[in-house]
2 protein chains.
Amino acid sequence: MSRLAKTDADMVRVHNRLAVLDHLRRVGVTTRKAVSEATGLSVSAASAICGTLLRSGLLEEVEEDGRSIRRGRPGKSLAFRGGAARVAALKIAVGEISGRISDYAGAPLAEARREVDISGQTGDTLVVLLGDLAEDLLARTIEPGTGEGGAGDAPMKIDKVVVAIQGKTHSDLSGIVWSPALKHWNIGIAAPLSERLLADVSVLNDCSLMPEAFRWRPDFIGLDFATLFVGFGVGMGLRLNGSTFQGKHSSAVEFGHINHLPGGALCRCGNRGCVEAYAGDYAILRRATGSDEIPAHRIADETMLRLGDAARQGDEAARTAFEEAGNAIGYGLGRVFTMIDPLPIVMTGSGARAIDLLEPAIRNGIRESAVDGLGADAPLILMEDTDALVYDAGTAYGLAALDGEFSRSAVEATEAA
Amino acid sequence: MSRLAKTDADMVRVHNRLAVLDHLRRVGVTTRKAVSEATGLSVSAASAICGTLLRSGLLEEVEEDGRSIRRGRPGKSLAFRGGAARVAALKIAVGEISGRISDYAGAPLAEARREVDISGQTGDTLVVLLGDLAEDLLARTIEPGTGEGGAGDAPMKIDKVVVAIQGKTHSDLSGIVWSPALKHWNIGIAAPLSERLLADVSVLNDCSLMPEAFRWRPDFIGLDFATLFVGFGVGMGLRLNGSTFQGKHSSAVEFGHINHLPGGALCRCGNRGCVEAYAGDYAILRRATGSDEIPAHRIADETMLRLGDAARQGDEAARTAFEEAGNAIGYGLGRVFTMIDPLPIVMTGSGARAIDLLEPAIRNGIRESAVDGLGADAPLILMEDTDALVYDAGTAYGLAALDGEFSRSAVEATEAA
DNA sequence: AGACTTTTTCCAAGCCTCGTAAAAAATGGT
DNA sequence: ACCATTTTTTACGAGGCTTGGAAAAAGTCT
């Protein structure tokens, strides 16, 4: 975007408030002094901003138990006020929808999962299903101890909804272009769901969203990395220069459909030789069984686990299938590394459970395809629970969006008694 | 980078000044009113900033000839004061160094080219050669009509030097990690050259720098696109989200070394199957001639032109060679498009001259490798003069850097008589 | 209990930008 | 030629946010 924008006092206020909230997201609990040090703001300014955020109900003073025994006046500990808002992270997959609701402090309040055959459904039905799920989540939320007066927390509602889905989503976050979980194309989700839940709704690709899960993790701060999902499909998310990569037209790094071998194996997308056509669950399975079909439904986790065990116990076909999968992934990573940079990889999905079978081939593939083999020793971090990762990511994304909105709105709200 | 930064009045001033300069870079000549409209600043603020920039000598009032005949007080036209600074864009290639010096308004003042065998040279020698070239450029600069008092322009010096080179450069812009033009590795250029010329020096990869050439072109504003160089080597530059992509570790999108075919043709880099091993000049030539060697020196332009003519006149081997080159490029682009997004391509180098031979295969390759063949119809813009493109890019990069510095420094300098 | 240390709060000052009003400079009509 | 009109530029007071220093607050240490 062109940088024609002016800046004025308003922008300064918004920016600095956001800096304070961002700092607090990282550390969880802080003090005015710590805010000043972390942000570079003067103590006066930091204190003033904290005061405003406290009065607006976003923050609250908390009693800290294990405070260090130092001389001098102890700082008053500040933390997010969970009750200030709620975020729902929803996930649409083949045959199921699920989600988690969290409070403004990021603490999970409830989770839910429903197996539904959404494949042939229309957009309207999908919106109803998602809306029901969200309201169910909200209902199951344990009312937080509303110790204060009673005017404390507004009527329970969800303030931000993030929908993660496999497939291609609109770049304006408004809906789904295409998804393997659905038959129909171009389904607008955000507008109708937003109308029903009275909350802002964003629809994103699950894989490209994943890096958001690490947004505030101290060990990932300022780090560029990639998230790699290897399951029925294969997808990637990128965090570059401190922000999560989002395409303009498509929505994601379609890692699974980067061509591996010209004219190679047939892929779901219709092309030949995609990475997914070697590394996706269905690809590994068909290679191991000598089949030629692409199953329409997702493959059960157990099936892949059994296949992995077979490979480990010497089944040659299975072994080769995993090896070729690893090779395709490795070459794909090598190609990405050549374009971008060698990056640490966070890996999830069924592939993460078969990493022992895949890793040697992956690293070898990188070695053969990247310049100087650079990146063949890239750190590999496994995350077995893909759902949790997606919920974390959606929640972080939603909270970041809320922080931005709250920073913008100069709400000098509810005078506490 | 983490967004812990605070903002204050200083930042506001810097940001807004930069917005004014950036606007002026785009339009060339402006007025206070136009600045206000373009930046969103109030007329008062815009006028005040322009006043400061005028007093500091960066801008000057100019007489505009073809001013429209409208009622009301005519706006005073403002433009960059060329004499305010000078930027040198230098280029290191196999067997030659060259460059262009431009004034602060971006107008070229002089160009120079020297054929030197730099291959075996040390860093010191290279610095001497570049320094000589730069000083020669400066000496050949026509003294601008110093109409004003005489205290007008400070003693002529270069204020910013940008060195573009094939190969890998340090991500801190300090020097060369490796280049096909040089034997030695890890040559620090910026520090010693900066010491000699008393100017800030930045060393960048030529291909990744190229998008900068379009930084202020109105038809490229806000546009994401890629620059593709196809010559002895193959390289790419990316402009994404309004900024030119720079890797953290490596310096560039090593498009030429993205693997095309696992285990394929031997590449200069030692790997097998790189795009360059099919699409580089040497690759096309060896395929056409049935040779097996990789020439150490660059291939003459004429040789490639003749080979192209041969292909056009029915030489099957040559025809196939170009076709396979186009195919490799197409698959490479398809892979990039799958990762990032379909992008318009600005193409330069010897490949741009053989585009009629390459284009069908390129587009076919994209069609076969990108999801839904998306991007097979991407706009292709040809730029035959690669040197001019690199000079433009280096100059734009240097000017942008100067704008930033000048915005930061609150120089309220030289009181004009 | 008093001295010391550290965190918060309070207040005047400084910098920008904004909005409005006044001044400046040219056109058009009579 | 003169006056009304239009448009750009300059001038001035106001508002918002940060800053730096001083004062107040709230503990620990001796």
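What's counted below: heavy atoms across the whole structure, side chains too, no hydrogens, waters or symmetry copies.
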Student: Tell me whether B:Arg25 forms a cation-pi arrangement with B:Tyr104, defined as NZ or CZ under 6.0 Å from the six-membered ring centre and within 45 degrees of its axis.
Tutor: yes
Student: I'd like to know if B:Glu405 and B:Arg408 make a salt bridge, using a cut-off of under 4.0 Å between side-chain N and carboxylate O.
Tutor: no
Student: Round to a whole Å and report the spacing from CD of A:Glu63 to P of D:dA26.
Tutor: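 So the two atoms are 13 Å apart, to the nearest Å.
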Student: Which whole-number value in Å describes the distance from A:Leu53 CG to D:dC17 P?
Tutor: 13 Å
Student: What integer distance in Å separates B:Met11:CE from D:dT19:C1'?
Tutor: 15 Å
Student: Using a strict cut-off of less than 4.0 Å between a Lys/Arg side-chain nitrogen and an Asp/Glu carboxylate oxygen, indicate whether B:Arg13 and B:Asp10 qualify as a salt bridge.
Tutor: yes
Student: Rounded to whole Å, please give me the gap between CG in B:Asn16 and P in C:dC15.
Tutor: 17 Å
Student: For B:Val62, check side chain to side chain contact (heavy atoms under 4.5 Å, CB included) against everything at least two apart and list the hits.
Tutor: B:Val29, B:Glu60, B:Ser77, B:Ala79
Student: Would you please classify the geometry between the B:Phe220 ring and the B:Phe225 ring as parallel, tilted or perpendicular, with 30° and 60° separating the classes?
Tutor: perpendicular
Student: Using a 4.0 Å cut-off on protein heavy atoms (strictly under), produce a 5'-to-3' string for nucleotides 7-16 of chain D with B for base contact, S for backbone-only sugar-phosphate contact, and - for none.
Tutor: BBSBB-----
Student: For A:Leu209 versus A:Val162, what's the shortest heavy-atom pair and its separation?
Tutor: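 What the structure gives for the nearest pair is CD2-CG1, 4.1 Å.
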Student: To the nearest Å, give me how far apart NE2 (A:His15) and P (D:dT18) are.
Tutor: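 It is 11 Å, rounded to the nearest whole Å.
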Student: Can you measure B:Asp8 atom CG to D:dG20 atom C1' for me and round it to whole angstrom units?
Tutor: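 Taking atom C1' of D:dG20 as the reference, CG of B:Asp8 is at 13 Å.
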Student: Within this structure, what is the CG-to-P distance between A:Leu41 and C:dT9, rounded to whole angstrom?
Tutor: 15 Å
